[in-house]
Amino acid sequence: MNRLLKKFTFSPEIVDVIENCKGIFIPTTKQELYEMVFGTGRSGKYDVVYDVPEKGEVVEATVVRAKNGVVVNYVEDYMRRRDPDCMRIGDDKPTDKPRFSDVYGFPFADMKKQTLDWLKGQELIFMPFNSGGNVYGYGSMLICPRNAAFFAFALAHLQGFVSAEETEGYEPRAIVYVAPPFRHTHFNGKQVVVHNRLDNCHEVFSYNLYPGPSAKKGVYSVLLDIGEQEDWVTAHASAARLTTQYDNELVIMHEGASGGGKSEMLQDVARTEDGRVLLSENTVTGEKTLLNLGRTAMIEPVCDDMATCYPKLQTGSGKLALVDGEDGWFLRMDGVTHYGCDPVYERICTEPDEPLCFFNIQGVVGATSLIWEHTLDSNGKPCPNPRAIVPRAKVPHIVTEPVEVDIRSFGTRMPPSTRENPNYGIMGMLHFIPPALAWMWRLVAPRGFKNPSIVGGGDLKSEGVGSYWPFATGMRVKQANLLLKQIIDNPNTRYVLIPNQHIGVYKVGFAAEWLSREWLSRHNGHVKTEKLTPARCPLLGYAMTEMTIEGQSIRSKYLRTELQDRMGEDGYDAGAKILTDFFAKELDKFYTDDLDPLGKQIIDCFRNGGTLEDYCKLTPMHF
């Protein structure tokens with residue numbers, strides 16, 4: 001056995017793969033791994049090809065050596081974003097997710113054997129890494145074909161890369177296996193990722209090469225599984241420490257389904273050419289509303305997607321403590337459509353001091369790939385899911401230590417809504433909600449309007465508990481109880497709702513989120529009760545009656561959508577019914593004997609038409 005692999009403790013079946021495969025490559029640096037990405041040729045362009053029985057050679061992806069890194073483009077449009085229905089469970093432990101044997105009609109043990117047998121016929125990369133980053137993460141291992149080195153390179157940027165030369169070794173707590181041809185031979189071309197939860201190791205079998213459901217969210221699944229065993233949560237959130245020009249300091253944590261504004265919470269306010277902020281555009285008349293905004297709060301990012309809330313971080317202050325669960329951020333660049341859209345990430349991605357990894361972005365050998373030049377799908381339109389992996393250490397003002405959260409916000413992509421075409425887009429710019437409602441929103445986790453991150457991101461659907469449910473492998477009620485305990489244990493963290501895309505008839509993009517963030521930072525996250533009124537829909541908690549930013553009053557129709565002429569109370573109520581019916585359908589899934597008694601009381605309150613006051617009695621609210 002290779003001397004470096006002798007440091008690690010493997011099962012007999014993996015030892016068999018090691019001893020019988022066609023060759024093993026163990027990258028000891030990222031640069032060494034980078035050189036593997038392009039095969040043995042010097043053309044700078046490499047096709048990732050597999051010989052598939054009854055299909056012949058299949059090109060999965062093309063990899064280009066650009067001046068600023070690795071550019072990966074998939075042949076099929078379908079492979080350019082995550083399929084939300086890709087998870088299968090290969091073990092017999094408790095789960096609410098589809099089991100492999102139930103879906104495919106044969107035991108996963110047979111599939112695993114075929115997979116390991118196929119791997120024995122390949123040249124392989126064994127790459128140690130830490131699930132959850134190098135500081136607090138869990139020792140893990142990637143096993144993938146050498147010709148899929150770009151996948152290893154991506155994972156090395158996302159998680160904590162471990163040099164086999166420098167580590168003392170460990171028994172892997174998680175192992176990611178990559179076997180792309182089985183997508184065609186066994187799964188009808190679909191993305192499938194199988195999770196096999198052993199007693200001492202979480203195995204992830206990736207039968208496709210898009211890293212979203214495996215190298216990214218598959219590792220998230222590992223952390224959620226460990227947290228389920230140890231009673232803690234990895235939240236689906238970004239977080240930032242904000243400091244105003246008056247030295248007010250606020251930590252905000254923003255949760256939500258993919259596309260809910262997590263990455264945007266860490267971005268500076270987008271401005272027009274004259275420096276103003278485009279608040280909205282009326283979807284009926286085309287009228288635009290702009291604001292003048294001077295110096296904004298300094299943003300010190302904490303995490304972009306995975307907030308690990310380890311028990312050992314909690315201080316007893318009544319505020320939730322967290323730290324980033326990743327070493328690199330898998331950033332969606334669909335909002336970067338031309339030069340100057342996002343100067344921070346444009347600078348990082350255009351002139352990096354180490355090669356980066358890009359997906360669904362145009363690449364030319366030897367040229368600089370630009371994050372606003374998105375690959376065209378087969379319909380001739382730009383792919384809605386262009387990505388870049390940015391090392392968190394390169395992000396300006398990055399926070400490396402744990403933080404305690406003042407405000408937990410929840411973001412939802414809202415559709416346009418009017419009296420003539422009512423929909424659930426009734427949320428005002430900023431709502432304050434009691435913990436009970438905060439918990440309910442995290443159970444229901446609306447995926448929202450035109451989600452760009454996944455296949456089929458259209459109608460109102462639930463992302464599931466915590467908005468991380470697509471990545472969880474266990475029982476939804478267990479996760480619901482963990483979230484409720486987390487919320488109740490931290491009464492000094494406050495909760496808000498923030499919409500994006502639309503506020504009633506107005507298209508706002510992420511402007512509402514950026515302006516709400518600025519308002520919260522300037523007020524230390526507090527609001528006077530006289531500036532609040534119960535929202536017409538109890539699910540939305542308190543609406544604001546007034547909001548002023550730099551002497552400019554935000555008109556009430558942005559705060560309370562029933563005041564919009566084209567919405568009115570009748571249009572609002574129709575939209576509220578859509579939202580309420582959706583909550584009723586989704587909350588039923590959690591009402592079981594295993595649900596925490598307080599959780600049952602909260603859902604009973606909803607079922608009985610509870611008022612905002614009723615929710616506040618169950619979980620008092622701190623303003």
Side-chain angles (χ1 to χ4, degrees), residues 237-238 252-265 267 269-270 277-283 289 291 335 407-418 421-433 437-438 440-442 444-453 457 459-463 467 495-520 527 532 535-545 547 549 554-564 566-567 571-572 574-576 578-580 582-583:
S238 65
I252 186 167
M253 170 185 179
H254 188 71
E255 297 162 88
S258 297
K262 293 183 294 298
S263 294
E264 288 76 10
M265 182 57 76
Q267 295 174 7
V269 179
V277 177
L278 176 61
L279 170 57
S280 71
E281 180 177 346
N282 190 306
T283 57
T289 298
L291 296 177
I407 293 286
R408 286 180 75 169
S409 60
F410 194 91
T412 303
R413 300 178 71 90
M414 287 290 174
S417 189
T418 63
N421 295 291
N423 212 325
Y424 59 92
I426 60 171
M427 190 184 293
M429 185 179 289
L430 179 63
H431 289 260
F432 287 79
I433 58 174
L437 285 177
M440 282 172 50
W441 273 91
R442 283 158 180 78
V444 172
R447 188 176 291 160
F449 177 73
K450 291 188 177 180
N451 190 314
S453 299
D459 298 334
L460 179 60
K461 295 180 181 178
S462 173
E463 193 90 330
S467 79
Y495 299 88
V496 299
L497 298 174
I498 301 176
N500 66 70
Q501 304 314 308
H502 296 88
I503 295 176
V505 73
Y506 298 102
K507 180 180 179 181
V508 296
F510 292 97
E513 180 176 317
W514 293 324
L515 291 171
S516 294
R517 178 188 67 193
E518 186 63 21
W519 189 91
L520 287 165
V527 62
L532 297 176
R536 188 173 178 86
C537 174
L539 291 174
L540 300 181
Y542 288 97
M544 297 188 69
T545 57
M547 175 189 282
I549 299 179
I554 304 298
R555 286 180 285 179
S556 58
K557 61 186 178 182
Y558 291 106
L559 307 176
R560 300 168 59 198
T561 56
E562 70 271 24
L563 300 179
Q564 295 178 13
R566 294 184 182 275
M567 170 88 73
Y572 182 102
I578 294 172
L579 192 62
T580 302
F582 175 71
F583 266 69

Margin query: Run V496 and I433 through side chain to side chain contact (heavy atoms under 4.5 Å, CB included) and show every step you take.
Written below: CA-CA 6 Å; V496 299; I433 58 174; 5.9 Å; no
Checklist line | Full working for side-chain hydrogen bond (donor to acceptor under 3.5 Å, both in side chains) between R555 and T289 | finding: CA-CA 10 Å; R555 286 180 285 179; T289 298; 3.1 Å; yes
Check: Is there a side chain to side chain contact (heavy atoms under 4.5 Å, CB included) between N423 and T418 once you walk through the steps?
Finding: CA-CA 7 Å; N423 212 325; T418 63; over 6 Å; no
Next item on the list: Go through the steps for F432 and Y495 under the test ring pair (Phe, Tyr, Trp, His ring centres under 6.0 Å), then give the verdict.
Entry: CA-CA 6 Å; F432 287 79; Y495 299 88; over 10 Å; no
Note to self: Set out, in order, the CA-CA distance, both residues' side-chain angles and the distance that settles side chain to side chain contact (heavy atoms under 4.5 Å, CB included) for Q564 and Y572, then state yes or no.
What the structure shows: CA-CA 9 Å; Q564 295 178 13; Y572 182 102; over 6 Å; no
Checklist line | From CA spacing to verdict: side-chain hydrogen bond (donor to acceptor under 3.5 Å, both in side chains), H254, S409 | finding: CA-CA 5 Å; H254 188 71; S409 60; 2.5 Å; yes
Next item on the list: Output, in order, the C-alpha distance, side-chain angles, deciding distance and verdict of side chain to side chain contact (heavy atoms under 4.5 Å, CB included) for I252 and R408.
Entry: CA-CA 6 Å; I252 186 167; R408 286 180 75 169; over 6 Å; no
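Side-chain N or O atoms of H502 include one that pairs as donor or acceptor with a backbone N or O of M414 at under 3.5 Å. Side-chain atoms of E463 never come within 3.5 Å of backbone atoms of R447 as a donor-acceptor pair (strictly under, hydrogens ignored). Within the 3.5 Å criterion, the main-chain N or O of M265 finds no donor-acceptor partner in the side chain of S238. The backbone N or O of L540 sits less than 3.5 Å from a side-chain atom of H431, completing a donor-acceptor pair. A donor-acceptor pair is defined here as one N or O able to donate and one able to accept, closer than 3.5 Å; such a pair exists between the side chain of S516 and the backbone of M429. Checked by atom type and distance alone, the side chain of N500 never pairs as donor or acceptor with a backbone atom of E513 at under 3.5 Å. A distance-only check finds a donor-acceptor pair linking the side chain of W441 to the backbone of L539 [under 3.5 Å].
Ionic pairing of K507 and E281 is not present here: no N-O contact between side-chain nitrogen and carboxylate oxygen is shorter than 4.0 angstrom. We find that K262 and E255 are not joined by a salt bridge, their nearest charged nitrogen and carboxylate oxygen being 4.0 Å or further apart.
Atom CG of L515 is separated from atom OH of Y558 by 10.5 Å, given to the nearest 0.5 angstrom. Distance check: I498 CD1 to I503 CD1 gives 10.0 Å after rounding to the nearest 0.5 Å. Once rounded to the nearest 0.5 Å, the distance linking OH of Y506 with CE of M567 reads 10.0 Å. Here R536 contributes atom CZ and T561 contributes atom OG1; the two are 10.0 Å apart, rounded to the nearest 0.5 Å. Considering CG of N421 and CZ of R566, their distance stands at 11.5 Å, rounded to 0.5 Å. Taking CG of L520 as the reference point, atom CG of L430 lies at 5.0 Å (rounded to 0.5 Å).
Closest approach of T283 to V505, counting heavy atoms only: OG1-O, 2.7 Å. The minimum heavy-atom distance between L563 and S556, with the atom names listed, is CD1-OG, 3.6 Å. In this structure, G256 and S467 approach most closely via the heavy-atom pair O-OG, 3.0 Å.
For the pair I554 and L559, the minimum side-chain heavy-atom distance is below 4.5 Å. When side chains are defined from C-beta on, V269 does not count as touching E518, because their heavy atoms never get closer than 4.5 Å. Using a 4.5 Å heavy-atom threshold, the side chains of F410 and P499 count as separate.
For S417 and Y424, the side-chain atoms include no donor-acceptor pair closer than 3.5 Å.
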